J.: 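Have a look at this one.
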Amino acid sequence: MTAEPITTATNFLAFLGLVSTLMIVWRQNWAGRRRLFVVQSLLLAALATTIAVYGHRAELFLVAAIVVLLKAWLIPRILGRMAAGTPPRPVAPGRSAGLSLLAVGSLIVAAYVIMLPVTTVSDLPTVGGIPLTFAMALIGLFVTVTGRDVLGHILGFLMFENGIFGLALLATYGLPGIVEAGVFLDLLVIVLIMEGVVLRIRREHDSIAVDRLRELRG
Amino acid sequence: MIGELLAAVLQLVLVGLGAPLLIGIVRTLKARLVGRRGPSPWQPYADLRKLLGKERVVSTTTSWIFAVTPTVLAATMLVSALIVPLVISRPALGFAGNVIVLMYLFLVGAFFLALAGLDAGSAFGGMGSSREVAVAALAEPTIALAVFALAMRAGTINLGGVVERVSADPWLALAPGHLLAFAAFFIVMLAETGRLPVDNPATHLELTMIHEAMVLEYSGPDLAIVEWAAAMKLFLFMSLLANLFFPWGVPTDAGVATLAVGAIVLAAKLTVLAGLLAVMETAMAKLRLFRVPELLAGSFALALLSVTSMFLLR
Amino acid sequence: MSLVVVLATPLVGAILLVVARGIAARVLHLLATVLTAAAAGAVAVQVSHAGSIVALGGLFRADGLSAWMIGLIALVSLLAAIEAPYTVPSAAVGRFRPLFHLFVFTMLLAVATDDVGLMWVAIEGTTLASVFLVNLERSRASLEAAYKYLLICSVGVAIAFIGTVLVYFADIHQFGHEAHALRWTTLVRLAPGLPPRVVELAFVFLLVGYGTKAGLAPMHTWLPDAHSEAPAPVSALMSGVLLSVGVYALVRFKTVVDLSGGPEFTQRLLLALGLTSIATAAVFLWAPTNYKRMLAYSSIEHIGVVCLGLGFGGLAGVGGAVLHVANHALAKSALFVLSGRIRAAYGSAEISAVTGLLGTMPVTGGLFLLAMLAIMGLPPFGLFVSEVLIFSAGFQSGHGIIAATGLLLLVGAFAGLLRNAHRMLYGTPAPAIVDVPGLRSAVPTGLALLLLTLTGVAWPPGLAAALDHIARLLGQ
Amino acid sequence: MTIVTYVLATVVGLAAGFAGVGGMLGVGMSWRLPALLPLGGVSLVLDPLAGVFLAMIGFAAVPASLYALGDPRQARRGRGAYLLFVGAMAVVPLAGNALTFLLAWELMSLASYMLVVHDREAREAIRAAWVYAVMTHAGVVCLIAGMLLLGTWAGSFEVDAWRVAAPGLAAGSRNLVWTLLALGFAVKAGVVPLHVWLPLAHPAAPSHVSALMSGVMIKLGVYGLIRISLDWLGDGPLWWGAVILLAGAVSAMVGVLSAIVDRDLKRVLAFSSIENVGIILIGLGAGVLYHAAGLPALAVIGLTAALYHAVNHTAFKTLLFLGAGAVVHATGTRDMEALGGLIKRMPWTTACFLSGAVAAAALPPLNGFVSEWLTFQALLQNLLIEQPAVNLVFALGIAALALTGGLAVACFVRAFGISFLAVPRSDASAQAHEVPRAPRLAMTMLAVTCLALGLGVTVIVPALARVGTDLVGVVGTLALGDALVLDVSGNFASLSVPVIAVALALAGLGVFGGLVVTGRGRARPYETWSCGRMLQTPRMEYTATAFANPFKRVFDFFYRPVQQIDIAAHPASRLFVQRIDYANPTRSLFDDWLYRPLLAGVNRGVRVVRVLQSGSANLYLTYILLALLVMLVFA
């Protein structure tokens, strides 16, 4: 039976999303990561439009538009403003990307195993992409955990958010309107607050490295 | 009823007057054993009469306890005299108490004597009290177990009951448990009445005396009463030993003739025991104070043996 | 109608307070909290009669549990609002008031809404509203605490979002695109039909997510930093009710999961997390350096006890847990308010700096001693009775070993708490310390302790019935 | 305000006392308030056993409150806690269900904690309060666990339901419940090795409170043990009684041995409380053993001995603590090495303390002797039980009781002799003055009670025996002899304290009369003989440490004494000694091997675990990730 167009399209887009996430993990310098984040957001917007077209869900067009506006343009601009002050960090020698790629690989396998209950029970055409987007989320979490500075944390968190957004799209063809709006609002507010906090950290510690933030113990 | 009264009076007279004589006999026997002529057995009466005549000198630091103690000592001994079956198996106050009451009455005496020792405020009084109370404490468990052995055998711890039960069945007296209990009780008697291995009654050397140290401050009539009470204590302990473990000849009914026979039998037993005591005392030297607990532990082991033997041979 | 008023008052108050200045701000601040409290009272009365009230077409709904939480949030925010002028530095009070009311609004929204998705947004909102409250004093330490608080809670709540999405997926997969699929009432109605495996997977995400907000170990790491660096009224609010809102969300989802796949799954998880929380708290309570961190760890311990109560289940277990949430909120908010005053007087939050508290500050010291006794679970205060209730459920539900271990760990926590209370309360009093003047300032904490004695020794007539109703509501 | 509180306490005491006596005489009463609290609400039930303990609490609270009235300024702080303390203690024996019992029990502990931490500056009082609170709380947690388990298995938290359901329980579960509850009650009763809080807490509290704590509060631990062994859990196996008896024997010996060597007067009395609880438990253990072996008559005797000694101990220990309080009030110190010669300055207190000491040393004709004698009778009749192991336990009990009796005499000779007799060792005790009239009245009341309890044997033993039969089940008429003589088990043993007392009095009068009549009453005052030395100073007296020296040598395996001598030589040459300080402190077995290592272990463990909160955000996030993965895998 020929796969429906929606399955092939969503699987392909989800795959591209995962590749972009791997690229982010592989690229260490900040500017490259920010650009890849924009690519990832655009891919998600494309995913939303395909589901809107084939899944006959009109409101997803609006969602895709918001994704482009917010995640592809506004948030990267704020990230750029945040990173303006920091001196370009040389890539730490000896810190090969190989180790993290290995970890990311195992996370992808874990994502497949975790999502087994969902994939076995669901008969949605877009079921193939669910583990991929969940892997994107887990990798986002991994980037947050291994972030050496505040920007690493924020970027990891945003990737994690993207992964979840993708999962939501594939699994449920979009959440109810008010919840979707709430999520986007919260995301924007988090980034704005994070910008305020980062500014204050830079003023306080004149560096945004994480090991400056270890005074509260016990 | 008259017989009961007569028996009570006889017991009081026997204990009151007989005690110094017993001390005298022991002293003369000890002297004879070491080849000395020694004083006559009536010498203690002379000492008491001399002391009664002397003037009472009382230390300024003492309080009313020091003054009351001789009376308390004598009173406890006299009451005990009416409990211990001397000339009759059921004496006047027999119903009111038993071996445990007797032991605690002796403890009352020891308690007040120790306090009197401390009251004078001198080093010797304190030392005597401390050691006397230590020895008394360590002797307690042996007494309790010996009494337990008797109670198992006789089914009662009323003194009269034990005497009647043991005299009725002679084989009881020869049972190993019974003899072990006797040995344990004998060692306890030495400790309680301050005889040789534990405390030397004849010396005034500060470091060795326990009983004498407490009464160092007494003088005149007080000293007389204290000595008298100590003599009575020895008399009572020995007669308790004699009548509990070898109760033959202790009459059960209170006729004039039977009482006389009882008195004579008691006198005979006491002389034998006095002889045994004299021999023991001349044979042994005084133990160092911190070896006395080992002696008492030995007597405790004997008492435990007697209890377990009672079990096994029941 | 009163439900909308309860939600609207703090929101409107927050907006007005952004612009208000001077005496108007102070009046508006108090007025807003008092009005919220009144509205909460009205909601409680209506719910006790009608069982549950609905507003805005079912988006907002208050049943027994919500009414209980709304009442609690209103009460604690009243206590905190009255205390605010004393401990919040005057420079920061301009920024404090609007954020405070926004924080209260988000919490009320979380417990008042029926829509699970909106509840998620509201709980995320509570984090965002309170970040700058934690960093009010702009010290280096409070900045670090605020940053970690924001980061860890956002990650945690995002994990909870995965859970919410999975629940929504399970609902749609089974019953197609329902009108209000994410409403709790529909979820409970459809729960038996939901695929158990998916719902249980969702519950794991929800437990980790909302467990972070509730301060359950091992997701508790943000709590001691945030609560010790925040000003007293904020940490009173956070420790008292914010953690309980996290537990509220867990309870809502537990009911759904229990109906779909049976209670064993959630029981095992809740008991495990409950015990770990009490154990971690007991260890860190043994020798803390800072008394506000000590109070934060004691919150983790009590939330662990609540978790045990939920895990044991049964009328006594869940009822006890709900009562314990209220008791703990009252006692802990009173303690944080008092610790704020002690910090203002002694100038330092270190335990070693505070000696002879009963001598120098008799009123605050006395109340602090009573509140500490309450938090240690001693009668005549309510925590003793609710703990006995919870552990009686533990033994009745056959989890004897876990209940016994819990009790043992509580003794460890008791020993730690008492040791530090002794170092602060007794000893030679420091001379140059003066107590906050006047008894009026002691009225709010005194009131809270009085309420605690009520639940401890003499239960008001309706309390037992209310707890049973709530327990039955949650499927026991 | 203080006066009102203590008068109120006296009234509560009297009410409790008479209600208790009423309860003992069979007046049953029960009063329930189900709505007030969950798990069955509040329910109070008065039965004979509760009556005995209620009477004890009531009649001890009266003199204690009276004593406090004597010095209102010092008793001002903690008056509220005192009232709560007396009230909560009165509720404990009446409690009819689990929650009421636990609530009253914990309130009692809380009130006594507040009173122990009375003196806020004293460092060791604070540490004592902490040790006391933590151990009591651990005990309460055992009680909570035990009672909730019992409530679950019996189906209800009411005590009556327990009695009905107990026989039906499986043996294993009943033993588990018994062990838990026994541990909880043992902590409160101060049974060794859970006794370490008692010598710390009692001396720290004000005297009238430590009198109540020692006299009455630890008895509630005994009350609990009686309830679980004979009443709530039905008739249990033999080993229950054996455990109680052996624990009692060990506690008695450790208590009295520790009391003999201690320098602090109130600590001596606290240790003596441990000893007396040991004696009570020996009696109770015997009773429970007989009950389990199916000999109800002997079980009643054992229980009666335990109850009687509990009543007696309440009387003389309260008296002793009030006496010690008077001494501390007068001299300001508790150290016996600084006391002495108080008999001349405080005659009234000395007389009362002496009567307390004689009673505590169990000497006739006072009450201590009678109950110890009765305990002996209970122990001596163990031949009727056939098992040799049980007989061995009884033999150990007899030996322990006897040794304890002897050592108690030594302990109280030392406590009374060193503190009150001879020459004052410090100027504080030299200027001591008699206490006001109220404390003296309180102490006299108690002294008279001790004598009355001693002489009234034939009235009290039947009353307590009725309590015993009510618990153990109906048994034939106990042949307890007539009004004058107390017979135990037919003619096994008989005792008549009034007769002995009268005989002693008569003999004493006789001897004294003889002396006076023969005109030898006159006495010449002179200095104490000291081998011819002219100067007689208090430093020549025997001290408390010296008095205890023989015991330290004999029992050195228990005390493990440490020799501390430091010699201050003259700066010019080592040979000329200016001052020698000699101390011979003993070490506590339990502190060194049980509690200190426990605390050190906890501290080490905590230091290791604190690393978890190391401050790095990445580590915290890893915890969350790990928690997620672990739960996904295992759930």
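Residue numbers begin at 1 in each chain, while the letters A, B, ... track the order of the sequences. On a predicted model such as this, the values are computed, not experimentally measured, just so you know.
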J.: Identify the two heavy atoms, one from A/Val179 and one from C/Gly117, that lie closest to each other, and give their separation to 0.1 Å.
T.: CG2-CA, 3.7 Å
J.: Atom CZ of A/Phe160 and atom CD1 of C/Ile162: how far apart are they, to the nearest 0.5 Å?
T.: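 Between atom CZ of A/Phe160 and atom CD1 of C/Ile162 there are 4.0 Å.
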J.: Under a 4.5 Å heavy-atom cutoff, which of A/Ile130, A/Leu185, A/Thr172 has the most pairs with chain C?
T.: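 The option with the most such pairs is A/Thr172.
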J.: Under a 4.5 Å heavy-atom cut-off, does chain A meet the side chain of C/Arg140, its backbone, both or neither?
T.: both
J.: Between C/Leu118, C/Ile172, C/Val155, who has the most heavy-atom pairs with chain A when the cutoff is under 4.5 Å?
T.: C/Val155
J.: For C/Glu229, which atoms come within 4.5 Å of any heavy atom of chain A: side chain, backbone, both, or neither?
T.: side chain
J.: With a 4.5 angstrom heavy-atom cut-off, which part of A/Arg203 approaches chain C: side chain, backbone, both or neither?
T.: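 No part of it gets close to chain C.
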J.: Tell me the closest heavy-atom pair linking C/Pro195 and A/Val121, and the distance in Å.
T.: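 Heavy-atom minimum between the residues: CB-CG2, 4.3 Å.
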J.: Identify which of C/Thr221, C/Thr127, C/Leu128, C/Leu59 forms the greatest number of heavy-atom pairs closer than 4.5 Å to chain A.
T.: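 Result: the option with the highest number of such pairs is C/Leu128.
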J.: Please look at A/Ile178 and chain C and tell me whether the side chain, the backbone, both or neither of the residue comes under 4.5 angstrom of a heavy atom of that chain.
T.: side chain
J.: Taking all heavy atoms of A/Gly174 and all of C/Tyr168, pick out the closest pair and write down the distance.
T.: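 Shortest heavy-atom contact: O-CE2, 3.8 Å.
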J.: If we only count heavy atoms from C-beta on, is the C/Tyr147 to A/Arg200 side-chain gap below 4.5 Å?
T.: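 No, their side chains stay 4.5 Å or more apart.
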J.: Counting heavy-atom pairs under 4.5 Å to chain A, which of C/Leu166, C/Asn135, C/Val198, C/Leu143 comes out on top?
T.: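 Between C/Leu166, C/Asn135, C/Val198, C/Leu143, the count favours C/Leu143.
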J.: With a 4.5 angstrom heavy-atom cut-off, is it the side chain or the backbone of C/Asn290 that approaches chain A, or both, or neither?
T.: neither
J.: Please classify the contact between C/Ala145 and chain A as side chain, backbone, both or neither, with a heavy-atom cut-off of under 4.5 Å.
T.: both
J.: Taking side chain as everything from C-beta outward and backbone as N, CA, C, O, which of these in C/Asp171 sits under 4.5 Å from a heavy atom of chain A? Side chain, backbone, both or neither.
T.: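 No part of C/Asp171 comes within 4.5 Å of chain A.
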J.: Rounded at 0.5 Å granularity, tell me how far CD in C/Glu144 sits from CG in A/Leu213.
T.: 5.5 Å
J.: Given a strict heavy-atom distance threshold of 4.5 Å, which part of C/Ala146 is in contact with chain A: side chain, backbone, both, or neither?
T.: neither
J.: Roughly how far, to the nearest 0.5 Å, is CD1 of A/Ile164 from CZ of C/Phe205?
T.: 9.0 Å
J.: Pick from A/Ile114, A/Ile190, A/Leu116: which one has the most heavy-atom pairs with chain C under 4.5 Å?
T.: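 Most heavy-atom pairs within the cutoff with chain C belong to A/Ile190.
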J.: What residue in C/His173, C/Lys148, C/Arg138, C/Glu200 has the most heavy-atom pairs under 4.5 Å with chain A?
T.: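 So the answer, after comparing C/His173, C/Lys148, C/Arg138, C/Glu200, is C/His173.
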J.: Can you say whether A/Glu204 sits under 4.5 Å from chain C via the side chain, the backbone, both, or neither, judging by heavy atoms?
T.: both
J.: Taking the side chain as every heavy atom from C-beta outward, state whether C/Arg197 and A/Thr120 have any pair of such atoms under 4.5 Å apart.
T.: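 Answer no - side chains too far apart.
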J.: By a 4.5 Å heavy-atom criterion (distance strictly below it), what part of C/Ile159 contacts chain A: side chain, backbone, both, or neither?
T.: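 Contact with chain A involves both backbone and side-chain atoms of C/Ile159.
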J.: Please classify the contact between C/Ser154 and chain A as side chain, backbone, both or neither, with a heavy-atom cut-off of under 4.5 Å.
T.: both
J.: Within a 6.0 Å radius of atom CZ on A/Phe15, are there more than 12 heavy atoms belonging to other residues, nucleotides or ligands?
T.: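 It does not: A/Phe15 CZ has 12 such atoms or fewer within range.
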J.: What part of A/Val198 gets within 4.5 angstrom of chain C, counting heavy atoms only: side chain, backbone, both, or neither?
T.: neither
J.: Quick one: are A/Val189 and C/Glu124 in side-chain contact, heavy atoms under 4.5 Å?
T.: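 Not touching, per the 4.5 Å side-chain cut-off.
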J.: Specify which of C/Asp115, C/Val131, C/Thr164, C/Val165 makes the most heavy-atom pairs with chain A at under 4.5 Å.
T.: C/Val165
J.: How far does CD of A/Glu215 sit from CG of C/Asp225, to the nearest 0.5 angstrom?
T.: 11.0 Å
J.: Checking heavy atoms, do the side chain of C/Phe169, its backbone, both or neither come under 4.5 Å from chain A?
T.: both
J.: Between A/Leu167 and C/Phe161, is there a side-chain heavy-atom distance shorter than 4.5 Å?
T.: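 No, every pair of side-chain atoms sits at 4.5 Å or beyond.
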J.: Checking A/Leu124 against chain C: side chain, backbone, both or neither under 4.5 Å from a heavy atom?
T.: side chain
J.: Sort A/Leu141 into side chain, backbone, both or neither according to what part of it lies under 4.5 angstrom from a heavy atom of chain C.
T.: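 The answer is the side chain of A/Leu141.
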